[in-house]
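Bear in mind the structure is a predicted one, so any value in this text is a computation, not a measurement.
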Amino acid sequence: MDSKIRLLAEQLPPLSDREALVEANRCLYCYDAPCTHACPTHIDIPRFIKKISTANVVGSARTILESNLIGATCARVCPVEELCEGACVLNSEQKPIRIGRLQRYAMDHVHDRRIDIFHAAPATRRRVAVIGAGPAGLSCAGELARRGHAVTVFEKRDLGGGLSTYGIIVLREPVPVALAEVHMIARLGVKFVNGVEVSEPLTGYDAVFVATGLGGTPSLGIPGEERILDGLAFIELSKMKPAELRIGENVAVIGAGNTAIDCATVARRSGASRVTMVYRRTEREMSAYPHEYEFVKKEGVEFEFRARPVAVHPGGLECARDSSTFMIPAQTVVKAIGQQRPPIASALGLETDRGFIKVTPSLETSVPGIYAGGDCIRAKGAASTVMAAQDGKIAAHAIHVALAVLPPGP
Ligand SMILES: Cc1cc2nc3c(=O)[nH]c(=O)nc-3n(C[C@H](O)[C@H](O)[C@H](O)COP(=O)(O)OP(=O)(O)OC[C@H]3O[C@@H](n4cnc5c(N)ncnc54)[C@H](O)[C@@H]3O)c2cc1C
Ligand code: SF4
């Protein structure tokens, strides 16, 4: 297959009506279902699957969206092996129910037809600002709009969707899927102000939700670093302007997390004949999900463990292992070594924990009336889209409760 096509197409095809029906009918519809407990947004999974089995696809989408407004993205990007599908009782005897694929089937049905499941409640005249239009911001904005609050989302990029739009490779999530979620939230009456980077406290709002994600990729501080491509910018180019993606025969990717795996996948599928991932620790210490690691190995990506990059040269990446150095041939070097802490915290005077915004269980920050969620608060554990969506929901609920006790507005 042509390499550009392999890069631009979504990896898994949609389920046909028949396939969805057959899969839905395999479900045991467990009482107190373990899959629902394992989903961070607690979607009533047996219920949405049951509705697919009775051809009530719109009703199924409603069940999903009631718990998770970012259901179309989550259906594609959730590490289902670790979450809902990993908890399916059928795992012990046969294959688990393909919950993610069924969720995608129901969500695509309503997004493709622009069917609006929810509408805004009568206006409360309360005003809430959301900073950042990624999964956390969209989820919070949508939940607040459903309750009748006037929400304005400030987004520094031209398009909403955050990393779903700019950072998750097309193979897993095409851009229109992320944008369909933004449009659905906009149709709920949420106002989007794009191209505006908030850098100081906002005034005139009853509450603020900070959902800015993380910052850029940190520097490695090695000679020749200016030759290295930033991993997030590399993925963004592959999504937004794939024709402009120019890579050499040999590519080295520094890092071994999920972003590094994605960069290696893009490089392979863009035609690089040899892609080497370079990691300073051991295989066991990689932060990538095991299924992602297996996937990229099948893509033909090679690994250099316990290898520390020391310099970038025109034809390759010089690395050190123990006391000797060696060269990995590479015309293109990409770094994917994580993102920096959220830079907005100090601008808004918010307390932090190891650089992440500090919040209470209801996601309020150290400044009353300012809440935060998503990657910018995730000091511990792996950050994910579904957790960001759940944060948005929790914060929206807390804001709604707090607004209800405020004295009447003007
Ligand atoms: C390459 C990559 C692959 C990933 N793959 C997966 C995956 O397969 N599965 C999964 O579950 N998760 C994945 N993730 C993680 C997932 O994308 C994030 O956890 C999720 O997007 C976090 O949502 P968020 O809303 O907190 O932040 P983001 O998605 O980062 O959105 C933040 C938004 O805020 C905007 N913003 C920032 N600062 C300002 C400001 N000052 N003013 C206005 N706007 C601002 C940004 O432009 C952005 O649009 C991946 C991440 C990366 C980097
Ligand atoms: S949101 Fe993610 S974890 Fe939850 S049911 Fe859907 S695919 Fe599974």
Side-chain angles (χ1 to χ4, degrees), residues 10 12-27 29-30 33 35-36 38-78 80 83-85 88 96-121 135-136 138-147 160-161 164-165 168 172-190 384-390 392-393 396:
E10 191 166 2
L12 298 171
L15 294 179
S16 66
D17 292 342
R18 194 179 145 63
E19 285 170 327
L21 197 64
V22 169
E23 191 65 9
N25 278 316
R26 286 180 58 228
C27 183
Y29 310 119
C30 302
C35 53
T36 290
C39 167
T41 55
H42 309 303
I43 292 175
D44 188 339
I45 296 167
R47 190 174 158 84
F48 96 70
I49 294 181
K50 182 84 198 166
K51 288 180 177 172
I52 292 176
S53 79
T54 56
N56 178 7
V57 188
V58 175
S60 173
R62 169 180 284 276
T63 301
I64 296 162
L65 289 168
E66 268 163 4
S67 295
N68 183 345
L69 290 173
I70 316 301
T73 291
C74 288
R76 292 165 162 88
V77 309
C78 273
V80 288
L83 301 173
C84 53
E85 292 182 19
C88 178
I97 301 292
R98 289 184 287 172
I99 299 168
R101 300 289 293 285
L102 287 172
Q103 180 170 317
R104 173 177 158 190
Y105 173 79
M107 293 313 308
D108 287 358
H109 181 90
V110 292
H111 282 310
D112 289 351
R113 292 164 182 76
R114 286 181 165 240
I115 297 171
D116 285 322
I117 303 279
F118 301 124
H119 300 280
L138 290 176
S139 165
C140 184
E143 293 290 346
L144 288 167
R146 283 181 66 192
R147 294 167 166 95
S164 310
T165 298
I168 291 181
R172 215 166 292 137
E173 181 176 19
V175 174
V177 175
L179 296 184
E181 286 174 335
V182 180
H183 296 150
M184 176 189 72
I185 303 296
R187 291 196 301 275
L188 272 168
V190 170
S384 65
T385 302
V386 67
M387 284 155 84
Q390 178 67 359
K393 239 170 75 185

Problem - Gap separating the OG1 atom of T63 from the CG atom of N56, nearest 0.5 angstrom - result: 8.0 Å
Practice task
May I ask you to check whether H183 and R187 show a side-chain donor-acceptor distance below 3.5 Å?
Solution key: no
Handout entry: Beyond-backbone contact of R113 with V58, side-chain heavy atoms, under 4.5 angstrom
Key = no
Fill in the blank from the handout: Separation between CD1 (I43) and CD (Q390), nearest 0.5 Å, reads 9.5 Å
Problem - Inter-residue atom distance E181.CD - L65.CG, 0.5 Å rounding - result: 8.5 Å
Problem - Donor-acceptor pair, side chain of R114 and main chain of V110, under 3.5 angstrom - result: no
Problem - E23 side-chain N/O to R98 backbone N/O, donor-acceptor pair under 3.5 Å - result: yes
Problem - Modelled atom types, side-chain donor and acceptor of T73 and E173, under 3.5 Å - result: yes
Handout entry: CG-SG distance between N68 and C39, expressed to the nearest 0.5 angstrom
Key = 6.5 Å
Practice task
Determine whether I99 and C35 make a side-chain contact, defined as any pair of heavy atoms from C-beta on separated by less than 4.5 Å.
Solution key: yes
Completion exercise
d(H111 NE2, D116 CG) to nearest 0.5 Å is 9.5 Å
Completion exercise
In terms of heavy-atom contacts, L188 and A120 come closest through O-CB, 3.5 Å
Problem - 4.5 Å side-chain heavy-atom contact, S16 and E19 - result: yes
Handout entry: I97 side chain reached by L102 side chain, heavy atoms, under 4.5 Å
Key = yes
Exercise for the section: Quick one: closest heavy-atom pair of P13 and R104, and the distance? Expected result: C-NH2, 3.6 Å
Handout entry: Cationic N near anionic O, under 4.0 Å, R76 to E10
Key = yes
Problem - Exam field: side chain T165 to backbone G160, donor-acceptor pair closer than 3.5 Å - result: yes
Problem - Considering all heavy atoms, the nearest C78-V386 contact - result: SG-CB, 3.6 Å
Practice task
Return yes if some donor-acceptor pair links the side-chain N/O of Q103 with the main-chain N/O of A72 below 3.5 Å, else return no.
Solution key: no
Handout entry: Side chains of L69 and L138 in contact at under 4.5 Å (non-hydrogen atoms)
Key = no
Handout entry: Contact check, side chains of S60 and Y105, non-hydrogen atoms, under 4.5 Å
Key = no
Handout entry: Nearest non-hydrogen partners of A106 and V57, listed with the distance
Key = CA-CG1, 3.8 Å
Exercise for the section: Would you mind checking if E66 and K393 are paired as a salt bridge, meaning a charged N to carboxylate O distance below 4.0 Å? Expected result: no
Problem - Test side-chain contact (heavy atoms from CB on, under 4.5 Å) applied to C140 and E143, step by step - result: CA-CA 5 Å; C140 184; E143 293 290 346; 6.0 Å; no
Exercise for the section: Inspect the contact between D44 and K50 and indicate whether a charged nitrogen and a carboxylate oxygen are less than 4.0 angstrom apart. Expected result: no
Handout entry: Donor-acceptor under 3.5 Å (S67 side chain, I64 main chain)
Key = no
Problem - Close side-chain approach of T385 and P135, heavy atoms under 4.5 Å - result: yes
Practice task
Work out which heavy atom in T36 is nearest to a heavy atom in P46; give both atom names and the distance.
Solution key: OG1-CD, 3.5 Å
Completion exercise
Nearest heavy-atom approach of I45 to C84 is CD1-CB, 3.8 Å
Handout entry: Heavy-atom side-chain contact between F118 and M184 under 4.5 Å
Key = no
Completion exercise
So CD1 of I49 and SG of C27: to nearest 0.5 Å the spacing works out to 4.5 Å
